[in-house]
Amino acid sequence: MEESAKLALQSAVRSLARCEQCRFSLERKLEKKEFSPEDIKEALDYLEANNYLSDERYAETWVRSHCAFKPMGAMRLIRELRMKGLSNEIAKRTVAAFFETVDESVLCRQAYQKLSRKLKNEQKIIKSLADSGFSYKMIQSVLREEKVR
C-alpha cells in the first residue's frame, strides 16, 4: 500500500472509530479531504476485506437505533437507507430482517399515539403516518383498533 493510501486508510479508521459508517459516506468524507479516488478505493477495499467497514452492519445498526427514537415503517426505512447511499438490495434485506423481530404494527401504533397527542385532525395523522412509511392498510388497521379502545 502506497503512503498516500495509508494516509487515506488512517483517516478512514479515525472516522470509523467514532461511529459505524457506510462505504458511501466514508468515501464522501475522504473525497472532501482530497484523497485520490485510487487511494480511497484501496483504503476502503482494505477495510471491507478485514470487516472493519460493512454496509450491512451499518444498515442494521442505523435501523435499530433510528426506530428506537422515531418509529418508521418499512417503506420509509428503505428510502432513508437508499438516501444514505446503500444498495436497494441491502436496504430491503436489512429492513426485512428487522421486521422479523419487530412487529411493524406496534411501531405504527406507537407513532399514532405520539401523533394523536399533538394532532387532533385525523387526516393529518394519517398523512404523517404515511409519510413515516407505514402502509395505508396498516394505518387503517391501527385507527380501527384505537377507536375501539
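Positions are given from 1, in the same order as the sequence printed here.
For Gln110, there are no side chain to side chain donor-acceptor pair (under 3.5 Å) partners, not counting sequence neighbours. Partners of Arg93 according to the salt bridge (Lys or Arg N to Asp or Glu O under 4.0 Å) rule, which considers only residues two or more places apart in sequence or in another chain, are Glu56, Glu89.
Formation of a donor-acceptor pair under 3.5 Å by the Asp103 side chain with backbone atoms of Ser105 is found in this model. Counting only distance, with no hydrogens or angles, the side chain of Thr94 and the backbone of Ala91 share no donor-acceptor pair below 3.5 Å. Ser65 places a side-chain N or O within donor-acceptor distance of the main-chain N or O of Thr61, the cut-off being under 3.5 Å. Judged by distance alone, with hydrogens and angles left aside, the side-chain atoms of Ser132 form a donor-acceptor pair with the main-chain N or O of Ser128 at under 3.5 Å. When atom types are taken as modelled, the side chain of Ser25 and the backbone of Gln21 share no donor-acceptor pair closer than 3.5 angstrom. A distance-only check finds a donor-acceptor pair linking the side chain of Arg82 to the backbone of Leu86 [under 3.5 Å]. The closest donor-acceptor contact from the side chain of Glu104 to the backbone of Ala74 lies under 3.5 Å.
Minimum heavy-atom separation, Ile125 to Ser116: CD1-CA, 3.9 Å. Residues Ala59 and Ile90 share a closest heavy-atom pair of CB-CG2, 4.2 Å. Nearest heavy-atom pair across Leu47 and Ala12 is CD1-CB, 3.6 Å. Closest heavy-atom contact between Lys29 and Ser15: CD-OG, 4.2 Å. Here the closest non-hydrogen pair linking Trp62 and Leu81 is CE3-CD2, 3.6 Å. Nearest heavy-atom pair across Arg76 and Arg79 is CD-NH2, 2.9 Å.
Taking a 6.0 Å sphere around OH of Tyr52, one finds it holds 12 or fewer heavy atoms contributed by other residues, nucleotides or ligands.
Side chains of Lys124 and Leu115 form no contact here, defined as non-hydrogen atoms less than 4.5 Å apart. Using a 4.5 Å heavy-atom cutoff, the side chains of Leu9 and Asp39 are not in contact. Phe99 is listed as a side-chain neighbour of Leu77, based on a closest heavy-atom distance under 4.5 Å. Side-chain contact check for Leu107 versus Phe98: some heavy-atom pair is nearer than 4.5 Å.
Between Glu38 atom CD and Ser4 atom OG the span is 9.0 Å, to the nearest 0.5 Å. Atom SG of residue Cys22 and atom NZ of residue Lys84 lie 7.5 Å apart, to the nearest 0.5 angstrom. With rounding to the nearest 0.5 Å, the separation of CG in Leu143 from CZ in Arg109 is 11.0 Å.
Placement of Leu16 and Phe24 in two distinct hydrophobic clusters is found when ILVMFWY residues are connected by side-chain heavy-atom separations under 4.5 Å, directly or transitively. Note on Leu30: it clusters hydrophobically with Leu7, by side-chain heavy-atom contacts below 4.5 Å among ILVMFWY residues. If you chain together hydrophobic residues whose side chains sit under 4.5 Å apart, Val106 and Val142 never meet in one group.
The existence of a salt bridge linking Glu2 and Lys6 is excluded, since no basic side-chain nitrogen approaches an acidic carboxylate oxygen closer than 4.0 Å. Using a 4.0 Å cut-off between a side-chain N of Lys or Arg and a carboxylate O of Asp or Glu, Arg23 and Asp45 qualify as a salt bridge. A salt bridge is defined here as a Lys NZ or Arg NE, NH1 or NH2 lying under 4.0 Å from an Asp or Glu carboxylate O, and Glu31 with Arg28 meets this definition.
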### Task
Go through the steps to decide whether Ile126 and Tyr136 satisfy the test side chain to side chain contact (heavy atoms under 4.5 Å, CB included), and finish with yes or no.
CA-CA 8 Å; Ile126 292 170; Tyr136 186 71; 4.2 Å; yes
### Task
Please lay out, stage by stage, how Glu48 and Leu44 fare under the test side chain to side chain contact (heavy atoms under 4.5 Å, CB included).
CA-CA 6 Å; Glu48 281 182 335; Leu44 297 183; 5.6 Å; no
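No hydrogens or angles considered: nothing links the side chains of Tyr46 and Glu42 as a donor-acceptor pair under 3.5 Å.
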